[in-house]
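This report refers to the structure that appears directly beneath it.
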Amino acid sequence: MQIASFNINGVKARLPAVLDWLDAAAPDVAVLQEIKSVDEAFPREPFEDRGYNLETYGQKGFNGVAILSKFPLEDVRRGLPGDDEDAQARWIEATVTGRRAVRICGLYLPNGNPAPGPKYDYKLAWMARLEARARELLAAEEPAVMAGDYNVIPQDEDAARPEAWAKDALALPRTRAAFRRVLNLGFTEAFRARVQGPGHYSFWDYQGGAWDRNDGIRIDHMLLTPQAADLMTDCRIESGVRAGEKPSDHVPVWIDLDA
DNA sequence: ATGTCGGCATTGTGCCGA
């Protein structure tokens, strides 16, 4: 089972690029972030024409997540538990079954800038709720994947210019500590289980020719329960997508599961 | 350090979020 995560930065603006990517790469399962569309306006047909089941959790103008799957999507849940007042569409879950059942969680973690401030408080509160949901997923002792745009630069080696991000909400010590707290529950960060060292990024800003200078950061991650990690056979970042026509500022991250 | 983009409210362009 090949699973991809891709922050597409607007489904309307990105439709040709996303469809070209699906035609070429054909993931079994994909989680999308920043669809920036309400559910009723999401262009379902071209995805369904390609054989994908589709579940969306959108809102007007910002945020929004979706799951695509060639397998049926079962037990769909929308929204990260823990705050009934939270209207931002940043979390969706479903179970897919290939040779084995895998719980798929797609997430778009708050950016949190400027920090300090209310947006950073919201980010940290959201990460505490993520930790709580992560504990539940672990307790189930089943294969589960939490994939998406975490808006977290885990370590300095995950940025081409770490000094430029030192005071940013994506890299502040409290952000990194909250991310580590989730990992330390027993999750495997898929990419770092496979690849070591600097120079691997998943986002390049549109500004300042960041892609041309390879001035990137690695903020799109996949966290696996032990039962999922035991099934992982590969993890990679599809950085070439960033050079395409009218690209997103993020690129897809992939895992292969023997499932 | 700010050279960009997407979406919205709005009919021209400024604002927000990233």
Side-chain angles (χ1 to χ4, degrees), chain A residues 5-21 31-44 46-47 56-66 80 86-92 106-127 130 147-154 158-172 174-176 178-179 201-221 237 239-253:
Chain A
S5 173
F6 191 5
N7 180 324
I8 62 173
N9 190 17
V11 70
K12 191 180 295 182
R14 210 66 58 218
L15 195 58
V18 170
L19 296 176
D20 286 350
W21 171 70
V31 293
L32 307 180
Q33 302 88 41
E34 282 204 271
I35 63 173
K36 296 187 177 181
S37 170
V38 293
D39 297 334
E40 309 79 67
F42 193 97
R44 305 183 62 91
F47 294 92
T56 62
Y57 180 40
Q59 68 179 93
K60 187 170 182 168
F62 307 104
N63 306 326
V65 288
L80 181 62
D86 186 359
Q88 299 194 31
R90 297 179 174 276
W91 180 271
I92 189 168
L107 67 100
Y108 176 47
L109 202 150
N111 175 293
N113 281 302
K119 291 189 175 179
Y120 193 56
D121 295 341
Y122 174 68
K123 178 176 193 150
L124 293 177
W126 202 95
M127 293 182 85
L130 172 65
D149 177 358
Y150 278 73
N151 271 314
V152 173
I153 302 168
D158 298 308
R161 293 186 304 130
E163 68 283 359
W165 298 91
K167 294 180 178 175
D168 192 281
L170 278 61
L172 282 171
R174 293 173 77 194
T175 303
R176 289 178 169 179
F179 184 71
Y201 312 124
S202 67
F203 168 92
W204 295 259
D205 202 294
Y206 289 122
Q207 300 186 66
W211 167 251
D212 295 326
R213 295 186 291 113
N214 196 24
D215 181 10
I217 53 177
R218 195 175 68 88
I219 57 175
D220 298 270
H221 309 300
I237 300 175
S239 50
V241 168
R242 188 63 175 78
E245 184 95 2
K246 210 167 184 284
S248 172
D249 40 7
H250 295 250
V251 297
V253 179

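Throughout, a chain's letter reflects where its sequence line sits, starting with A, and its residues are numbered from 1.
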Worksheet item: 5'-most contact on DNA chain B: Arg213(A) or Asn111(A), nearest heavy atom basis?
Response: Arg213(A)

Practice prompt. Could you tell me whether Arg176(A) atom CZ has more than 12 heavy atoms of other residues or ligands within 6.0 Å of it?
Written response: yes

Worksheet item: Once you round it to whole Å, what is the distance between C1' of dC5(B) and CZ of Arg242(A)?
Response: 10 Å

Item to complete: Starting at atom CD1 of Ile219(A), determine the distance to atom P of dG17(B), rounded to an integer number of angstrom.
Response: 18 Å

Worksheet item: Does Lys36(A) make a side-chain N or O approach to OP1 or OP2 of dC8(B) shorter than 4.0 Å?
Response: no

Worksheet item: Tell me: CD of Gln88(A) to C1' of dC16(B), nearest whole Å?
Response: 13 Å

Worksheet item: When you match Asp249(A) and Ser37(A) each to their closest nucleotide on DNA chain B, which lands nearer the 5' end?
Response: Ser37(A)

Discussion item. Ignoring hydrogens, what is the shortest heavy-atom contact between Val65(A) and Ile35(A)? Give both atom names and the distance.
Written reply: O-CD1, 3.8 Å

Worksheet entry | Among dA18(B), dG7(B), dT4(B), the nucleotide that comes nearest once only the side chain of Tyr206(A) is considered | dT4(B)

Fill in: Length of the CD-P vector between Glu34(A) and dC16(B), whole Å
18 Å

Fill in: Nucleotide of dT2(B), dC5(B), dG17(B) approaching Phe62(A) most closely (side-chain heavy atoms)
dG17(B)

Worksheet, complete the sentence: When rounded to whole Å, the CG to P distance for the pair Asn63(A) and dA18(B) reads 7 Å

Fill in: Given dC5(B), dG7(B), dG17(B), the nucleotide with the shortest approach to the side chain of Arg14(A)
dC5(B)

Practice prompt. Would you mind reading off the distance between Asn9(A) atom CG and dC8(B) atom P, rounded to a whole angstrom?
Written response: 12 Å

Worksheet item: Which part of the nucleic acid does Tyr108(A) contact within heavy-atom distance under 4.0 Å: base, sugar-phosphate only, or nothing?
Response: sugar-phosphate

Practice prompt. Rounded to the nearest 0.5 Å, what's the gap from CG on Asn9(A) to CD on Gln33(A)? Could you check?
Written response: 11.0 Å

Worksheet item: In whole angstroms, how far is the P atom of dC16(B) from the CG atom of Asn113(A)?
Response: 16 Å

Worksheet item: Rounded to whole angstrom units, what separation is found between the CD1 atom of Ile35(A) and the P atom of dC8(B)?
Response: 12 Å

Worksheet, complete the sentence: Here the gap from Ile8(A) atom CD1 to Arg14(A) atom CZ, rounded to the nearest 0.5 Å, amounts to 7.5 Å

Worksheet item: Would you say the ring centroid of Trp91(A) lies under 6.0 angstrom from that of Tyr57(A)?
Response: no

Discussion item. With a 4.0 Å limit, can you tell me whether Lys60(A) has a side-chain N or O closer than that to the phosphate oxygens OP1/OP2 of dG6(B)?
Written reply: no

